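Because the structure is a prediction, the values reported are computed rather than measured. Atoms within a ligand are numbered from 1 in the order they appear, just like the ligands themselves.
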Amino acid sequence: MATAESPFAAFAAELDELSAQQLRRQRRTRTTPADTHIVADGRAVLSFCSNDYLGLAHHPLLIDAAKQALDESGLGGAASHLVSGHHLQHARLEQRLQAFTGWPALSFATGYAANVGIIPALVGREDAIFADRLNHASLNDGCLLSRATFRRFAHQDLNQLATLLATTPARRRLIVVDGVYSMDGDLAPLPELLALAEQYDAWLYVDDAHGLGVLGEHGRGCAEYWGLHHPRLIQLLTFGKAAGVQGAAVCGDALLIDWLLNRCRSYIYTTASPPALAAALCVSLDLIEGGQQRRETLRAHIRQLREGCADLPWTLLPSETAIQPLRVGSNEETQKLADRLWQRGLWVPGIRPPTVPVGQGRLRISLSAAHTEDDIRLLLEGLHACAREWQGGTPDYDSAAHSSRLTTGAD
Ligand SMILES: Cc1ncc(COP(=O)(O)O)c(C=O)c1O
């Protein structure tokens with residue numbers, strides 16, 4: 001009997017094409033908690049691939065808060081916020097966020113959901129969006145969903161942005177940027193962007209997924225870093241990265257928050273996240289605010305890495321944040337370098353198109369306050385060994401011996 005062809009057979013050729021271009025995605029399965037030393041696919045590795053920039057994802061105080069709230073509040077959100085899902089823990093989190101940012105807040109289940117819902121609630125067909133070309137995919141998706149005119153300016157090109165703003169006939173104007181660019185690690189110049197927003201009567205939407213916890217004396221993110229408290233600023237914080245949990249919140253003018261509560265579809269038409277996560281997040285915000293020592297450790301790691309990479313054949317992009325991208329180039333070279341490091345017991349993700357522009361493949365090294373000086377040294381040793389191999393030397397590592405130095409538990 002002939003095997004019935006899959007109704008999705010057309011995808012097979014396209015997947016093969018992705019493989020041929022070194023663009024096929026695959027997952028590794030982690031069997032240990034999110035930490036710097038982990039086990040994935042049965043292999044003990046040192047991780048430079050998480051966004052847990054302060055090392056809070058496995059912090060005992062967060063875990064205790066979640067456990068206690070699980071006992072008191074149960075597990076599931078059970079309904080959307082506007083029906084019966086809004087729990088006291090969510091309300092407490094929003095109050096805590098107001099104290100943290102100085103603005104009313106509305107919490108979401110994820111940053112992706114927030115971005116794809118908030119932007120279409122702010123602007124529509126008669127309006128225009130002006131977005132940096134390197135914005136995160138969730139922002140781009142939100143912009144497309146809004147049906148507003150969607151204009152993208154070259155990365156950090158404020159002259160181009162000013163020209164676009166000066167010539168738009170749109171009713172409402174929304175500038176959209178990342179506070180810290182997720183694949184480049186550089187910062188959007190918020191004071192200049194706000195000046196343009198004022199000049200052209202626009203709003204400024206800033207996705208601070210990678211600034212929260214890392215930037216500013218109290219880790220309050222890019223608004224604190226730049227010293228801004230501005231009514232045109234709409235801040236999106238996400239909680240799956242430095243905050244070590246899950247979720248997001250938009251913070252801004254009280255009228256804006258009330259509008260979103262009434263009009264943001266990804267807030268209205270989804271189940272509230274488990275209240276225990278909100279309880280853990282309140283503790284996380286305390287740890288972030290008092291986390292000067294963690295941020296100092298992170299900055300020391302950034303300095304150590306940048307000094308140690310100076311003589312590599314690949315260049316680190318200019319970045320003062322936890323995201324330290326090492327520019328490689330082609331998909332093949334990027335993947336080969338990531339694979340070699342993995343064989344040495346170092347997990348550093350190779351980032352390829354469409355996440356970054358074609359020809360700009362890179363290793364996205366992400367650092368955490370939970371790393372040690374020795375961890376950074378091991379990474380630098382691995383990168384230099386690869387550089388020698390690339391420059392014609394022979395591989396000088398024994399991957400099994402190397403990974404046993406990194407053992408974090410049985411695999
Ligand atoms: C800049 C940026 N915005 C939004 C998101 C999405 O946030 P979440 O993971 O909470 O959905 C990410 C995460 O990858 C991000 O890097």
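Relative orientation of the H229 and W103 rings is parallel, given thresholds of 30° and 60° on the angle between their planes. Taking the six-membered ring for Trp and thresholds of 30 and 60 degrees, H90 and H86 have nearly parallel ring planes, at less than 30 degrees apart.
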Between ligand 1 and the protein, which N/O pairs fall short of 3.5 Å?
residue, atom, partner, partner atom, Å
ligand 1, 3 (N), D207, OD1, 3.4
ligand 1, 3 (N), D207, OD2, 2.5
ligand 1, 10 (O), G111, N, 2.7
ligand 1, 11 (O), G111, N, 3.2
ligand 1, 11 (O), Y112, N, 2.9
ligand 1, 14 (O), H136, NE2, 3.4
ligand 1, 14 (O), K241, NZ, 3.0
ligand 1, 16 (O), H210, NE2, 2.7

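With hydrogens and angles left out, the side-chain atoms of R364 and N51 include a donor and acceptor closer than 3.5 Å. Under the 3.5 Å distance criterion, with hydrogens and angles disregarded, no donor-acceptor pair is assigned to the side chains of Q292 and E296.
Cation-pi geometry between R28 and W347 is met: the NZ or CZ atom falls under 6.0 Å from the ring centre, inside 45° of the normal.
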Could you please spell out the steps behind the ring pair (Phe, Tyr, Trp, His ring centres under 6.0 Å) verdict for H155 and Y181? CA-CA 10 Å; H155 183 49; Y181 287 89; 4.5 Å; yes
